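Take a look at the structure below.
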Amino acid sequence: MTLTSLPPSKEEPRPVAKEAPFLKKRPEKRSRRLLSPAVIGLGLGFAFAFIYFNIAQAYQGVIGYSESNNVFFGADHLDALRGWVKNHKGTHPLVLLLVVPMGTILESIFSSYNLGMLVFGSFVGGAVVGAFFVMARRLLADTSLAAATTIFFGFSMTQLVFGCLPDTYELATLSLIPVFLLTWKCLRTQNLYLGRWIFCGTLTFAITITSTVQAFLCMAVVVLHILPKGKRLRPLLFLVGSVTAIGFVLCFAQKALIPDAKMFFRPGVYEYEMQYTSPLLVEDPGKVVAETGKTFFLYSFFGQP
């Protein structure tokens, strides 16, 4: 019998290999889940809200705390302490829709308007820290590094002052972080998400009109990066028109609910801000640019923004 005539041998089934030890689930993974990014963000937010609240109580003993905005670098905390409605400025078009209901709830809980405002300002400051962590984690792609960066941010001079006051600065920051996150998402996915831009633009507009400019500039960066030349202007104009139209509607709704609210489109509401204008901008623009550059460098890297 030749080798070719031998019947084919039956192949024995191979034993199933056991799972390698390094592929098994380790107990560390369970602990990591307990410290998920959401838990870390919430923990940092509440921790700094508690820190800011204690600092806010100490600030009440500062001379001029309840008398002058200049004590805290031009903060608008007196508008809150003396009443958001009576001191509403048109440059913060829809802020009353956000702060008045929350202020009423906190006043009923703590039986004190001023204490409610301290809690409100502190928790807004804590919310800014939590939102900053979300942004830092998206940009840095590392939870530990994002947490360390957030802690550094939470103890920055900006947060240690404005994060402890019932002020619109922190609300403006809170409205801009979604804009920066959306900018990152659009550049990463090469999609425009126009509806989200309208929402973010309306949110920034609601707090401070000038913040809308930053939202517009961020969208302009996205449009220039992902759209061809012939299609760049239309979405930008659509954003401006949509935010303005929604702002008008919400402004009238706010006026109906809160009769003392200011209408942002009336020239009289800008009389207060006109005191900061000067003809020097036209007479000597070079000097203005130089001083603005110095101020930007000083405030951005060494002190208050």
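Being a predicted model, the structure only gives us computed values, none of them experimental.
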Between [atom1] of [X] and [atom2] of [Y], what distance do you get to the nearest 0.5 Å?
X	Y	atom1	atom2	answer
Phe205	Ser211	CZ	OG	11.0 Å
Asp167	Thr173	CG	OG1	9.5 Å
Cys186	Trp184	SG	CH2	10.5 Å
Leu203	Leu98	CG	CG	7.5 Å
Leu97	Cys251	CG	SG	9.0 Å
Tyr169	Leu165	OH	CG	10.5 Å

Side chain to side chain contact (heavy atoms under 4.5 Å, CB included) between His92 and Ile209, worked out: CA-CA 6 Å; His92 308 299; Ile209 290 178; over 6 Å; no

Examine [X] and [Y] and state if one hydrophobic cluster contains both, with Ile, Leu, Val, Met, Phe, Trp and Tyr joined whenever side-chain heavy atoms are less than 4.5 Å apart.
X	Y	answer
Met263	Ile207	yes
Ile105	Ile258	yes
Ile109	Val100	yes
Phe152	Phe48	no
Leu194	Ile226	yes

Which donor-acceptor pairs under 3.5 Å do the side chains of residues 239-248 make with protein atoms, sequence neighbours left out?
unit_1: Ser242; atom_1: OG; unit_2: Phe238; atom_2: O; d: 2.8
unit_1: Thr244; atom_1: OG1; unit_2: Val240; atom_2: O; d: 2.7

With a 4.5 Å limit on heavy-atom distance, are the side chains of [X] and [Y] in contact?
X	Y	result
Lys86	Asp79	no
Gln214	Thr204	no
Lys262	Leu96	no
Cys218	Trp197	yes

Lys231, NZ atom: more than 12 neighbouring heavy atoms under 6.0 Å: no

More than 12 heavy atoms of other groups within 6.0 Å of Phe110 CZ: yes

Cation-pi check, Arg196 onto Phe199 ring (under 6.0 Å, within 45° of axis): no

If we ignore hydrogens and angles and just use 3.5 Å, is the side chain of [X] paired with the main-chain N or O of [Y] as donor and acceptor?
X	Y	answer
Gln254	Pro93	yes
Arg82	Ser66	yes
Gln190	Leu187	yes
Asp142	Leu145	yes
Ser111	Glu107	no
Asp260	Val85	no

For Ala172 against Thr208, the heavy-atom pair lying closest together: CB-OG1, 4.1 Å

Distance-minimising heavy-atom pair for Cys200 and Leu182: SG-CD2, 4.0 Å

Phe162/Phe72 aromatic ring centres below 6.0 Å: no

Parallel, tilted or perpendicular: rings of His77 and Tyr65 (30°, 60°): tilted

Using residues 113-140 as the side-chain source, report each donor-acceptor pair under 3.5 Å to any protein atom, sequence neighbours left out, with the distance given to one decimal.
unit_1: Tyr113; atom_1: OH; unit_2: Ala80; atom_2: O; d: 2.5
unit_1: Ser122; atom_1: OG; unit_2: Phe53; atom_2: N; d: 3.3
unit_1: Ser122; atom_1: OG; unit_2: Leu118; atom_2: O; d: 2.8
unit_1: Arg137; atom_1: NE; unit_2: Thr143; atom_2: OG1; d: 3.0

